[in-house]
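Please read the structure below before turning to the comments.
This one's a predicted model, so the numbers in the text were calculated from it and none came from an experiment. Lettering of chains follows the sequences in order, A, B, ..., and the numbering in each one begins at 1. What you see below is based on every heavy atom in this structure, not just the backbone, and it leaves out hydrogens, waters and symmetry mates.
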Protein chains: 2
Amino acid sequence: MKQDGRLVRIVDVARAAGVSPSTVSKALNDSGSLKAATRERVREAADRLGFVSDAGARALSMRRTFIVGLLSTDDIGRFSMPVMQGAENAFAVGEISTLVATARHDAVREQHHLRTLIARRVDGIIVTGKTTDPREPIEVPVPVVYALAPSADPDDISVLPDDAAGMRLVVDHLRTLGHRRVAHIAGRADQNTSRVRLAALQEALAEAGMELVGEPLFGEWSEPWGRRAVDLVLRDAAEPPVTAIVCASDQLARAAADRLRERGLRVPDDIAVTGYDNWHVMWSASRPPLTTVDMELEALGRRAAERLLAEIQEADTGPRGIEYLPPRLVARGSTIAGD
Amino acid sequence: MKQDGRLVRIVDVARAAGVSPSTVSKALNDSGSLKAATRERVREAADRLGFVSDAGARALSMRRTFIVGLLSTDDIGRFSMPVMQGAENAFAVGEISTLVATARHDAVREQHHLRTLIARRVDGIIVTGKTTDPREPIEVPVPVVYALAPSADPDDISVLPDDAAGMRLVVDHLRTLGHRRVAHIAGRADQNTSRVRLAALQEALAEAGMELVGEPLFGEWSEPWGRRAVDLVLRDAAEPPVTAIVCASDQLARAAADRLRERGLRVPDDIAVTGYDNWHVMWSASRPPLTTVDMELEALGRRAAERLLAEIQEADTGPRGIEYLPPRLVARGSTIAGD
DNA sequence: GAAAATCAGGAAACCGATTTCCGAAACCGT
DNA sequence: ACGGTTTCGGAAATCGGTTTCCTGATTTTC
């Protein structure tokens, strides 16, 4: 395959097999009607010559490129990466290639990338972003699925992790363990995720007959904030006012656990801690390892890919609007002693 | 642009402008010889109709797809991501699109992806991986550049971060601050990176007339190991045997700083700590923030893209074999008090 | 054994651009 | 006014496949 001359074309195969180009095409694509012997002879010739069909030329006549675009609003980051991974995987089995484009929050760059994707005649586009804040839909003449960052248009297809379900899992877990009074350390107040998680937490707690102690603490998604927030929870209290702290991310939870230990409290015996994200470097570095929620982002990427494929084949069955995918609770030492 | 019928073709523009298709092509590509007025008229018609040239068809006649493949040996991870980002950026300005393929350490998957890339007639391929261990070169009929994971073949083009230079920066920094006796916490012994960093450290220390105290400590790339390693350094010593600990990663350094604080030692006053990677979540969460080395992976991705482009245009000037790119030292509180 | 139905494979049109080649028109100097 | 260049723009070939007929050959049917 490493010769430098032009690659093997279909006519070369045709000549080698003593048939016409159209016959080669039919043989290799299992179309038309050919004798089994002919098919075999062509196939044999094809891979003897190392023939690899030109996808571009094929796309031209089939009016289908088998390429999808993956447009990321920002950089490909910690969240969009697994999504992309899942999508790429799902597509690869269907012989579909993935073209990546990152807009870096720049509208001009985004437009530029969209133009290129259109020029490439992609069969469809998946749009991602790092937050779950709704975004302006993109205007293109091909199917689009939004993953992680939903479209503001309810007629578009969006796939999101079900944060509300995640919080219910957490509350359920804590209730089973006997906790009744919990505090919440949240992330940035201006992000959808923070508000959704808080709301879901409050609701789930109410249903379970449990109590959210103190104001929810909004801050940022950083360890320093996590540590500071713990101090606020424990503010001038001889006895801890709660038995568990639900954190909106693993980063916050890890910092919380650190701070609690520094303040002489044992996790989980004195206070249990839960995180969110199942981010390996965080949950495993925490002492003890974190009980957390896995959003199953890779599955989300796969699902987005499936929906897009269905949409491309005009056979989509899922709901328009936002589809929520169930997360998974992972119980570890930060809530279960001796784990 | 959101009509559902077929997209605007070059003949549509031709008709609208009252010229032939070939004239449209020339007008839009600034080729051939046309009156300025004609060119303008065609252009005007083209974007009035929202014409976007079909890249596939164009590729077919130009024998150049303006697509490159980005093949990752493993998943796209923390290290390959910025590389990919840098490459994608560099390519985007040249109107080149990036096709991603992740092999997940699976030879079969890798072969499969290579076949698809060849079928797509990519102009070239960038190969990455997460470690700097040399890898088997790939066999393809197009130019290839290896980034991060070098090819075992010295005739191939590889671009790597200069870890030796990075370690020299660290030693230099510590020497300036008056340190003479340092310990080293390394990562996995079976990885090239670990050995290279250690060797460079030893050499730089020798040159600077400084001393590496104790055996280098190999372990894993995790915080638990970082903490344990600190205990080994301080083992049954009333007084710390060193004034600085050079860690092979930010993760290790952050854990080391944590552990030192727990043992009642002040960083950097009693012992200074350095990391490697400039990994934001690690250096910023550390108390104090970490002095570390930034490998400039995004620049590395850009460089890889440049080399590949040059190679595609048969105008490469850089050296065959491995090209090392200079890292950058970032000084922070873990070595400089009051920072 | 003849008519009808089925099967195998090829010729040619087509997908949507680029590019080479060529003819007509405009321009030139004398 | 005339031969000789230039300039401009179109016709047609080409890139590498797929697909639609279409024609002989073979098989089926009664």
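Checking C:dA17, D:dG9, D:dG16 against every side-chain atom of B:Thr23, the shortest atom distance belongs to D:dG9. Nearest nucleotide to the A:Arg58 side chain, out of D:dT18, C:dA17, C:dG9: D:dT18.
Under 4.0 angstrom from either OP1 or OP2 of D:dC15 there lies no side-chain N or O belonging to B:Arg64. Taking side-chain N and O atoms only, A:Arg63 has no distance below 4.0 Å to OP1 or OP2 of D:dT18. In this structure, B:Ser25 reaches the C:dT18 phosphate: one of its side-chain N or O atoms is under 4.0 Å from OP1 or OP2. In this structure, A:Ser20 does not reach the C:dG9 phosphate: none of its side-chain N or O atoms is under 4.0 Å from OP1 or OP2.
Distance B:Phe51 CZ to C:dG16 P: 11 Å, rounded to the nearest Å. The CZ-C1' distance, from A:Arg9 to D:dT14, rounds to 11 Å in whole Å. Here the P atom of nucleotide C:dA17 and the CD1 atom of A:Ile118 are 14 Å apart, to the nearest Å. In this entry the distance linking CG of A:Asp54 with P of D:dT14 reads 18 Å, nearest Å. Nucleotide C:dG16 holds its C1' atom 9 Å from the CZ atom of A:Arg121, rounded to whole Å.
Under a 3.5 Å cut-off, the side chain of A:Thr116 and the backbone N or O of A:His112 do form a donor-acceptor pair. Under a 3.5 Å cut-off, the side chain of B:Asp133 and the backbone N or O of B:Asn192 do form a donor-acceptor pair. Counting only distance, with no hydrogens or angles, the side chain of A:Ser158 and the backbone of A:Ser151 share a donor-acceptor pair below 3.5 Å. Put simply, the side chain of A:Asp75 never gets that close to the backbone of A:Gly77: no donor and acceptor are under 3.5 Å apart. Proximity of a side-chain donor or acceptor of B:Arg120 to a complementary backbone N or O of A:Ala55 within less than 3.5 Å is not detected. At least one donor-acceptor pair closer than 3.5 Å links the side chain of A:Thr65 to the backbone N or O of A:Arg121.
A:Val19 comes within 4.0 angstrom of sugar-phosphate atoms only, judged by non-hydrogen atoms across all strands, and of no base.
Heavy-atom distances to DNA chain D give each of B:Val24 and B:Met62 a nearest nucleotide, and the one nearer the 5′ end belongs to B:Val24. Positionally, the nearest nucleotide of DNA chain D for B:Gly18 lies more toward the 5' end than for the other of B:Ser61 and B:Gly18. Each of B:Ser22 and B:Leu60 lies near DNA chain C, and the nucleotide nearest B:Leu60 is the one positioned closer to the 5' end.
Contact check of residues 26-42 of chain B against DNA chain C (heavy atom, cut-off under 4.0 Å) returns B:Lys26, B:Asn29.
A side-chain donor from one of A:Thr193 and A:Thr132 sits under 3.5 Å from a side-chain acceptor of the other.
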